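Chain A is the first sequence line, chain B the second, and so forth, proteins listed ahead of strands; every chain is numbered from 1. Note that this is a predicted model, so its numbers are computed, not measured.
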2 protein chains.
Amino acid sequence: MDVQRLELLRELADRGSVTAVALATHRTPSAVSQQLKVLEREAGLPLTQRQGRGLVLTDAGRALARSATDVAVSLAKATALWDEFRNLATGEVSLVTFPTAGQMLLPGVIKHLRPGLVLNCADEDPELSDFPAFTAEYDIVLAHSMSGQLSWAGRGLKVVPLMTEPLDVGLPVGHPLEDRAWVRPSDLIGETWIGVTDGYPFERILHAIEQEAGARLSMSQRFADLALIESFVIAGLGIALVPRYTSGGGQPGRLVLKPLRGIESERQIVALMRPDRAERLAVRTVIEALQSEAARVQQSHTAH
Amino acid sequence: MDVQRLELLRELADRGSVTAVALATHRTPSAVSQQLKVLEREAGLPLTQRQGRGLVLTDAGRALARSATDVAVSLAKATALWDEFRNLATGEVSLVTFPTAGQMLLPGVIKHLRPGLVLNCADEDPELSDFPAFTAEYDIVLAHSMSGQLSWAGRGLKVVPLMTEPLDVGLPVGHPLEDRAWVRPSDLIGETWIGVTDGYPFERILHAIEQEAGARLSMSQRFADLALIESFVIAGLGIALVPRYTSGGGQPGRLVLKPLRGIESERQIVALMRPDRAERLAVRTVIEALQSEAARVQQSHTAH
DNA sequence: ATGAACTGTTTAGGCTAACTACATGGACGT
DNA sequence: ACGTCCATGTAGTTAGCCTAAACAGTTCAT
């Protein structure tokens, strides 16, 4: 019945170990263990279970942790309400992003944030890490996915779409397709591709192009960093799929972008949050800033 | 941010005085005052305000109290969830009713309740008291209203309809209308009525009859107790509006009931609850028992 | 007008409960 | 078999909430 203890159970569900919960909540593991034991005694049935040297939740424990989320959400709504009364969207908000989204959105967002609201940002490689898991650590997680492809569904996370960014074909200056307004999958047969490492969303679109064009693509390189890929394209070593709004950051004007038709080629950029954190006034303010900045970026590209 | 303190604020909104909150929560007024002060300091703005020798909430305080209800609801849902896991709808549930509903429903409900679930009942005169206010004191409040006429709307209470009971015209044996299957308002001109005291829901229907029949009704007596009214009708001193399912408890067979047509003559019997209490498993179980008992009563009357 | 009875508030002090520090006992990897 | 990494006991400390009693403002009656 005690909220603090329920919160502890929820943290355990999110983080998976007593030590991790203790670290995150600035307590000793002993304190966490004791409180969980009290909760279990109150509940009258086992909520956790030893597994090896670790601790996992039972079914009952998981169910209780889920309802603990609802409690946390309504509590966060209450504090947000009185923050609104004081008209203070103040405090610290933490955020992780994958590099290109951060480059595109964050400078503009931070510039327009009211003083008193501090946004702490970090970047992570989306390929190496389980992005949804970062919601335990950060208030806001910027992630990307193919349209409709929601790998983080069913985890009880709040998903806010920020923008849809087209993925164009990047060509070097002087390429035969340079003067075309747009290209189709069949135009791309025989080209050499600069690809990305496995697991990246671009991967799926390349497969779709193969299927549509009816031919295997030859993939000469596999990189994770966009600027590196672009430098290869500019050097004439191949062509690549690049996000329209974030490409050309390194060497402007020397890369030619062609929209891809006949296939849906875009990625969705979304913000992921734990539902309770999403209710905080400061967090909501940052999300709104992200949305308007995303709209601004998108509009500035469609304009010219 | 502390739930206990928010709860205290909500109790203050419900009960209106620090002393009443202290009494209800088994604390001294001093403790309540201190906690409210802490909450106010945390909030950073005044939540309460002195008025005379009492204390009233500010707008901010009321808003915060409302969101405190949401917190209480989700917390109650969590405890109900783990009660379901243990499969124990156990504990005590308190209930107030107006006399006739209690007589009609409670014996059957209590008989079918599982052992371990204790239902503590009390009755109150609906005329003397503000029934919705009892939700602060009791888990379940059985109240009645005319159809559509919801005097407790907008208080944030949970309303569960239990049954619709027709209000018939009660006649003495030997009355000229005795052999009619039903009566209309115009049939009732010139009759002497045994009325109920002001504020009773019957009152409105009597006014509606007057309007429909186009004549003033003569009201010879005004009583609150149904058995008393019936004894006057049986003695031939007048006719009265009586609830169909609960009449005739005192002297069976000597009162004749006639359905009233041409006018909507019924009362709704509902259960009122504070939304958080409505989530408790034990409370939900009692509500379900009340609903099925109400259905049983209603069916047994329509059958023969 | 003045005291009695009612409000809510202040202060001081005790007690419960959650924490830290340290020690213990399994489970895994080498 | 040893060290390491977990989670969990045990003892002592501390912080926070409560009671008790005195205090202060408002209302009402005499």
Check the distance between dG16(D)'s C1' and Met1(B)'s CE and give it to me in whole angstrom. 15 Å
Which nucleotide wins on minimum distance to the side chain of Lys37(B), given the candidates dT10(C), dT8(D), dC19(C)? dT10(C)
Distance check needed: dT8(D) P versus Glu40(A) CD, whole Å only. 9 Å
What's the closest nucleotide to the side chain of Arg53(A) if the choices are dT9(C), dC19(C), dG26(C)? dG26(C)
Looking at dA21(C), does its base get a donor-acceptor pair with the side chain of Ser30(A) below 3.5 Å? yes
Flag for Arg277(B)-Ser94(B): side-chain donor and acceptor within less than 3.5 Å: no
note: His26(B), atom NE2; dC17(D), atom P; distance rounded to Å ~ 19 Å
Checking contacts here: which listed nucleotide (dT10(C), dC17(D), dT27(D)) is nearest the side-chain heavy atoms of Arg5(B)? dC17(D)
Just checking, any donor-acceptor pair under 3.5 angstrom between side chains of Arg10(B) and Ser67(B)? no
Could you state the CG-P distance from Leu47(B) to dG8(C), rounded to the nearest angstrom? 16 Å
Within this structure, what is the CZ-to-P distance between Arg27(B) and dG8(C), rounded to whole angstrom? 15 Å
Whether Thr19(B) contacts dG8(C) is assessed here as follows: a side-chain N or O lying under 4.0 Å from the phosphate OP1 or OP2. Is that the case? yes
Rounded distance (Å) that lies between atom C1' of dG25(C) and atom CG of Leu55(A): 15 Å
Worked verdict on Glu42(A) versus Lys37(A) for salt bridge (Lys or Arg N to Asp or Glu O under 4.0 Å): CA-CA 9 Å; Glu42(A) 281 181 346; Lys37(A) 182 139 294 240; over 6 Å; no
dC6(D) phosphate, OP1 or OP2: any side-chain N/O from Gln51(A) under 4.0 angstrom? no
Assess whether one donor atom and one acceptor atom, taken from the side chain of Gln34(B) and the base of dT19(D), lie less than 3.5 Å apart. yes
Judged by nearest nucleotide, the residue sitting upstream toward the 5' end of DNA chain C, Val38(A) or Ser33(B), is Ser33(B)
For Glu42(B) and dC17(D), give me the distance from atom CD to atom P, rounded to whole Å. 9 Å
Could you walk me through whether Asp139(A) and Arg280(A) pass the salt bridge (Lys or Arg N to Asp or Glu O under 4.0 Å) check? CA-CA 10 Å; Asp139(A) 296 321; Arg280(A) 284 177 49 199; 3.5 Å; yes
Classify the side chain of Thr28(B) and the base of dA20(D) as holding, or not holding, a donor-acceptor pair under 3.5 Å. no
Closer than 4.0 Å, any side-chain N/O of Gln35(B) to the OP1 or OP2 of dG16(D)? no
To the nearest angstrom, how far is Arg15(B) atom CZ from dT7(C) atom P? 15 Å
Most 5' of Gly54(B) and Pro29(A) on DNA chain C, judged by nearest nucleotide: Gly54(B)
Hey, mind stepping through Arg274(B) and Glu11(B) against salt bridge (Lys or Arg N to Asp or Glu O under 4.0 Å) and telling me if it holds? CA-CA 11 Å; Arg274(B) 254 177 26 185; Glu11(B) 290 287 350; 3.3 Å; yes
